[in-house]
Amino acid sequence: MTETTLAAPPPRAGRRQVRACVVREPGRPPAVERVWLDPPGPGEVLVRIAAAGVCHSDVHLADGVLGEDRWPIVLGHEGAGVVTARGEGVTSVAEGDHVVFCLVAPCGVCEACRSGRRTLCEPAGAEGVAGNLRTGTRRLSAADGSTLQHGFTIACFAEHAVVSAQSVIPIPRDLPLWQAALLGCGVVTGFGAVTHAARVRVGERVAVIGCGGVGLQVIAAARLAGAATIVAIDRRPEKLEHALRRGATHAVDASGGDAAAEVVAITRGGADHAFEVVGAAPTIRLAWDALRPGGTAVVVGLAPSGVEVSLPAIEFLSEKSVLGCYYGSGDPVAVVPGLVELVRAGRLELADMVSHLIELDGAAEAMDRLRRGEGDRSVIVIDPELAGATAGGTP
Ligand SMILES: [Zn+2]
Ligand SMILES: [Zn+2]
């Protein structure tokens, strides 16, 4: 791995050099570069990154399926670290606070926020697509001085990140940061799908299609919510085994046969809730086909733009429905403390979600594993001391 070196001195006061994982153009693997990071401006904080999880959304972004004009960009949105400096006016966190990142920092005042749909916050969404921080600015630039975009308003595949103060959620210090890193995206997304979007009730029958990083969180959440039957569906036997260890009651191998018919047989009539955690037309259709009358398919997977799904419209007569779900459909700031308590009480296992602990320059390989559907979460250990783990170590 070669790294660019910064020839010119920093032109702006307080700039620091950080190693960061940059995607220069869609389809090209990310590479570690030395980049400039400006100090936090008003309403922003500087975070020393301990660890970051590699999520499928990073892959989609790097592959160019989330839209044009998103490069060059520093990847990473699921992570944890320690606040080391605050910009003007920040009172919500202090230096030394341990935090996890929140990739949709709600403004609280737009129409979506006011109607309680904080994951649909309009300015947060717009700044994310524009590659800005939630404050509307950019604090990253490349060696040649050109501006870099911030991945999902965060950009935490780097030694430090400057983010909006609203983009961090404080957590207690006793939670190992290499595990806490998962909370801000995968865990919030999976748990929110069950508790906020579907509102799973005790005794219900649930199907989960796709047992990767987020799918396993959906299974854990469904178990805690009291679902009586949890059918895990995947093509990889090792993922199905992990799903069973995590609380699934049944496993269906989707690589052969009629997976929907198997779910209908296991649940004696179909699932009350079928969670699609892949983001593809055939699996969204599978979620629909696995439902009982009155059931709901919850689409959690992020589908590339342009993907269309066809459904047998006659079945709307049976009051089936399809529900979109973004980032757990709740308020991450309100949700994370409860998730932390579950982890501390030993009722939500995070460590067993991590299959690989890697270095920053291992991100490209981790993204390839996600494309192939291999392994669970890869966590980049950026600062071993802070993270409480070492790259290459066994989780
Ligand atoms: Zn993510
Ligand atoms: Zn808002």
Side-chain angles (χ1 to χ4, degrees), residues 21 23 30 43 49 51-63 65-66 70 73-80 100-130 132-136 150-157 161 163-169 180-193 210 212-218 277-279 299-304 325-336 339 350 353-354 363 366-367 369-371 375-380:
C21 184
V23 172
I49 312 292
V54 183
C55 170
H56 221 112
S57 305
D58 296 307
V59 175
H60 282 332
L61 190 57
D63 287 348
V65 297
L66 297 185
R70 304 200 63 164
I73 190 165
V74 174
L75 289 177
H77 58 279
E78 182 184 88
V100 295
F101 293 113
C102 166
L103 63 128
V104 180
C107 74
V109 294
C110 74
E111 201 173 312
C113 280
R114 279 189 279 111
S115 67
R117 308 197 69 167
R118 294 169 80 89
T119 52
L120 302 182
C121 173
E122 293 150 25
E127 301 298 358
V129 170
N132 297 334
L133 296 180
R134 191 38 201 83
T135 49
H150 296 253
F152 297 99
T153 70
I154 306 292
C156 64
F157 290 179
V163 296
S164 156
Q166 269 86 49
S167 302
V168 295
I169 304 173
L182 305 181
L183 287 171
C185 181
V187 180
V188 162
T189 300
F191 271 72
V214 177
L216 290 172
Q217 304 298 351
V218 172
V277 203
V278 179
V299 180
V300 183
L302 178 56
C325 178
Y326 177 54
Y327 197 32
S329 304
D331 179 358
V333 177
V335 165
V336 163
L339 295 171
L350 293 179
M353 289 298 308
V354 180
M367 288 163 69
R369 277 195 295 275
L370 280 172
R371 289 184 185 98
D376 300 321
R377 256 317 188 246
S378 295
V379 168
I380 306 172

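Numbering of residues begins at 1 and proceeds along the displayed sequence. In each ligand, atom 1 is the first atom listed, and ligand 1 is the first ligand listed.
Between the SG atom in Cys156 and the CG atom in Asp58 there is a gap of 7.5 Å [rounded to 0.5 Å]. Atom CZ of Phe101 and atom OG of Ser167 lie 8.5 Å apart (nearest 0.5 Å).
Rounded to 10°, the angle formed at the Zn ion (ligand 2) by SG of Cys107 and SG of Cys121 is 100°. Vertex the Zn ion (ligand 1), arms ending at NE2 of His77 and SG of Cys185: the angle is 120° after rounding to 10 degrees. Angle subtended at the Zn ion (ligand 2) by Cys113 SG and Cys110 SG: 110°, rounded to 10 degrees.
Under the 3.5 Å distance criterion, the side-chain polar atoms of Thr189 are matched with a main-chain donor or acceptor of Cys185.
For the pair Glu111 and Arg117, the salt-bridge criterion is not met [side-chain N within less than 4.0 Å of a carboxylate O].
Taking 2.8 Å as the threshold, Cys55 counts as a candidate ligand of the Zn ion (ligand 1), since one of its N, O or S atoms lies below it.
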